[in-house]
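Computation of the quantities below employed the complete heavy-atom set of this structure, encompassing side-chain atoms and omitting hydrogens, waters and symmetry-equivalent molecules. Labels below follow one simple rule: chain letters A, B, ... track the order of the sequence lines, proteins then strands, and each chain is numbered from 1.
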Number of protein chains: 2
Amino acid sequence: MMISEKDFSLLLFIAKNAGLNDVVKSSTSEIASELNFSQQTVSRKLSFLAEENLIERKVFADGNILSLTEKGKKILLERKTELDKIFSSKKRIKLSGKTQSGLGEGKYYVNLSGYQKQFKKKLGKKIFPGTLNLKIKELELNEFLSSKEKILVTGFSTEKRSFGPALLFKVKVNGLVDGAIIVPERTNHPSDIIEVISPFFLRKKLKLKDNYLVSLS
Amino acid sequence: MMISEKDFSLLLFIAKNAGLNDVVKSSTSEIASELNFSQQTVSRKLSFLAEENLIERKVFADGNILSLTEKGKKILLERKTELDKIFSSKKRIKLSGKTQSGLGEGKYYVNLSGYQKQFKKKLGKKIFPGTLNLKIKELELNEFLSSKEKILVTGFSTEKRSFGPALLFKVKVNGLVDGAIIVPERTNHPSDIIEVISPFFLRKKLKLKDNYLVSLS
DNA sequence: ATTACTAGTCTTCGAGTAC
DNA sequence: TGTACTCGAAGACTAGTAA
């Protein structure tokens, strides 16, 4: 079931006039002139909304008695929740860093299938087999990461050795490109270099060279 | 300009992914599969939204960079405000009263064109030339009225005499019918009788006789 | 890979009316 | 007054395809 904009306006009209738990009495032509629809459209749409169980409707000789059903209220609430989220989201804190040439270490780890599988599952996409190294200010990093959700990547063992767990923090690189900061869960040497993974080869996609300024948000 | 449901979904998609003040990069087909539209529809609708100045759009060979304009944000905010109102409205307090036969006094005052004009302007409809008298409990009345918005009706003078200002409080009679309680602004004798005006002849419309119970909300 | 035009199909609208 | 059916017109959608 897909409700149209006009359907939604009608639902809103009923909600406004009846409230969530009361009824409103009105005729199709009265509603029509209020919403700038035709009388016929209101008639058709009221039937539809009642059929879909979004409203309760009783038709009398002099108009309709209308109220919202639980399902109707739910639809309105869903909309409200979506909009609330959009307007309540805090301003993104940004973190700036400068590109560094990596040692190829990141590439090795990120390529391990024990990690790759989890990246795909938790970030939704296959990750480019390499990392972008950024030099940042440690103090800023802590503040930045504390505003982000932690995603845990568990450790695993191969026949030869074991690999520790890590944390991912989703970011937008230069405001556009999806990526994630990856840090070992228990790092013994705090560092001012972070590694960013992404479905894309970031150096190429963003045309980066060493010592270029990159923003994460 | 009337935006459709699909337009709105698209706007919402951009708002969710770009946030209010940032951009998002995506292709028409990517958005299409996300929203279950066709690629062509997304293309058409993005053009439309950009034309209507609801979004800013830059088209590149590998997709679009999209963000909300102030006008786009405003539309979302309007929706949010409407829904907030619906969900924040307190439960209506009700007031019960019993019908009384009036003295015809109310009818006289309500009929004066100096008042009638204001009724029409402030309540939106021509008022039936008569009042419904209800006997209520004064304590309940105060609480009830304090939850309502006051609408002021100004006094006026004719050649013969002058008429004082009054207050209106919009109500629903028996949960259905629009009406308003009217009280003189400076009443010298507090009373347990109130007068209700309405676009309709309430006694007839609600099939009332003396001493019938009527609810106001 | 993209975006977006064309053209045919499907959906939705409202004027005219019936009841 | 009401609601709501029919039916022709207008609008919106997508498959095919060009660029």
Side-chain angles (χ1 to χ4, degrees), chain A residues 1-11 13-14 23-52 55-66 125-126 128 176-178 198-201 204-207, chain B residues 1-11 13-14 23-52 54-66 125-126 128 176-178 198-202 204-207:
Chain A
M1 185 261 316
M2 172 74 174
I3 88 168
S4 75
E5 180 62 20
K6 281 200 159 84
D7 293 325
F8 189 76
S9 303
L10 242 180
L11 205 59
F13 172 88
I14 295 167
V23 301
V24 62
K25 179 160 190 174
S26 193
S27 71
T28 52
S29 45
E30 195 179 12
I31 299 174
S33 74
E34 195 104 11
L35 298 181
N36 275 105
F37 302 167
S38 70
Q39 175 274 125
Q40 293 89 334
T41 294
V42 175
S43 169
R44 189 159 18 82
K45 293 212 166 292
L46 283 179
S47 305
F48 172 76
L49 290 178
E51 233 168 64
E52 291 286 343
I55 64 169
E56 174 130 13
R57 179 189 194 200
K58 283 179 183 143
V59 185
F60 295 97
D62 62 345
N64 305 269
I65 292 189
L66 304 164
K125 283 188 174 177
K126 198 164 172 295
F128 174 81
L176 300 176
V177 184
D178 285 327
S198 167
F200 308 100
F201 183 16
K204 187 180 170 197
K205 178 133 186 159
L206 299 172
K207 299 187 178 68
Chain B
M1 186 260 315
M2 171 76 173
I3 87 167
S4 75
E5 180 61 21
K6 281 200 160 85
D7 293 325
F8 189 76
S9 303
L10 242 180
L11 207 59
F13 172 88
I14 294 167
V23 300
V24 61
K25 179 159 190 174
S26 193
S27 71
T28 51
S29 47
E30 196 178 12
I31 299 174
S33 76
E34 196 103 11
L35 298 181
N36 275 105
F37 302 167
S38 71
Q39 175 274 127
Q40 293 89 335
T41 294
V42 175
S43 169
R44 185 164 24 80
K45 293 214 165 291
L46 283 179
S47 305
F48 172 75
L49 290 178
E51 233 167 64
E52 292 286 343
L54 299 177
I55 64 168
E56 174 131 11
R57 180 190 193 200
K58 283 179 183 143
V59 185
F60 295 97
D62 62 345
N64 305 270
I65 292 189
L66 304 164
K125 283 188 173 178
K126 197 163 173 293
F128 174 82
L176 299 177
V177 183
D178 287 327
S198 166
F200 309 100
F201 183 15
L202 290 172
K204 188 180 168 196
K205 178 133 185 159
L206 300 172
K207 300 186 177 67

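Shown here are the side-chain hydrogen bond (donor to acceptor under 3.5 Å, both in side chains) partners of B:S27, two or more places apart in sequence or in another chain: B:S29. Residues satisfying the side-chain hydrogen bond (donor to acceptor under 3.5 Å, both in side chains) criterion with A:S9, sequence neighbours excluded, are absent altogether. Taking B:E56 as the reference, nothing meets the side-chain hydrogen bond (donor to acceptor under 3.5 Å, both in side chains) condition, with sequence neighbours excluded. Taking the ring-ring contact (aromatic ring centres under 6.0 Å, His included) definition, one finds that A:F200 meets it with nothing, sequence neighbours left out. Applying the side-chain hydrogen bond (donor to acceptor under 3.5 Å, both in side chains) criterion to A:K125, with sequence neighbours excluded, gives no partner residue. Looking at residues two or more places apart in sequence or on another chain, you find a salt bridge (charged side-chain N to carboxylate O under 4.0 Å, His left out) between B:K25 and B:D62. With sequence neighbours left out, the side-chain contact (heavy atoms from CB on, under 4.5 Å) criterion links B:S47 to B:R57. Qualifying ring-ring contact (aromatic ring centres under 6.0 Å, His included) partners for B:F128, counting only residues two or more places apart in sequence or in other chains: B:F201.
Put simply, the residue from A:I31, A:N64, A:L35 that forms a side chain to side chain contact (heavy atoms under 4.5 Å, CB included) with A:V42 is A:I31.
Extent of DNA chain C lying under 4.0 Å from chain A heavy atoms, first and last nucleotide in 5' to 3' order, is C:dC13 to C:dG16.
Taking atom CD of residue A:E5 and atom P of nucleotide D:dG11, one finds them 17 Å apart after rounding to whole Å. The nearest whole Å value for the distance from the CZ atom in B:F48 to the P atom in D:dC13 is 11 Å.
At the phosphate of D:dC13, OP1 or OP2 sits under 4.0 Å from a side-chain N or O atom of B:K6.
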| field | Reading 5' to 3' through nucleotides 2-9 of chain D, protein heavy-atom contacts under 4.0 Å coded B for base, S for sugar-phosphate only, - for none | value | SBBB----
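Terminal axes of the helix from C:dT2-D:dA19 to C:dC19-D:dG2 (five pairs each, C1' rotation axis) are separated by 30°, to the nearest 10°.
Judged as a salt bridge (charged side-chain N to carboxylate O under 4.0 Å, His left out), the pairs with a partner in residues 31-47 of chain A (not counting sequence neighbours) are, in order, A:D7-A:K45.
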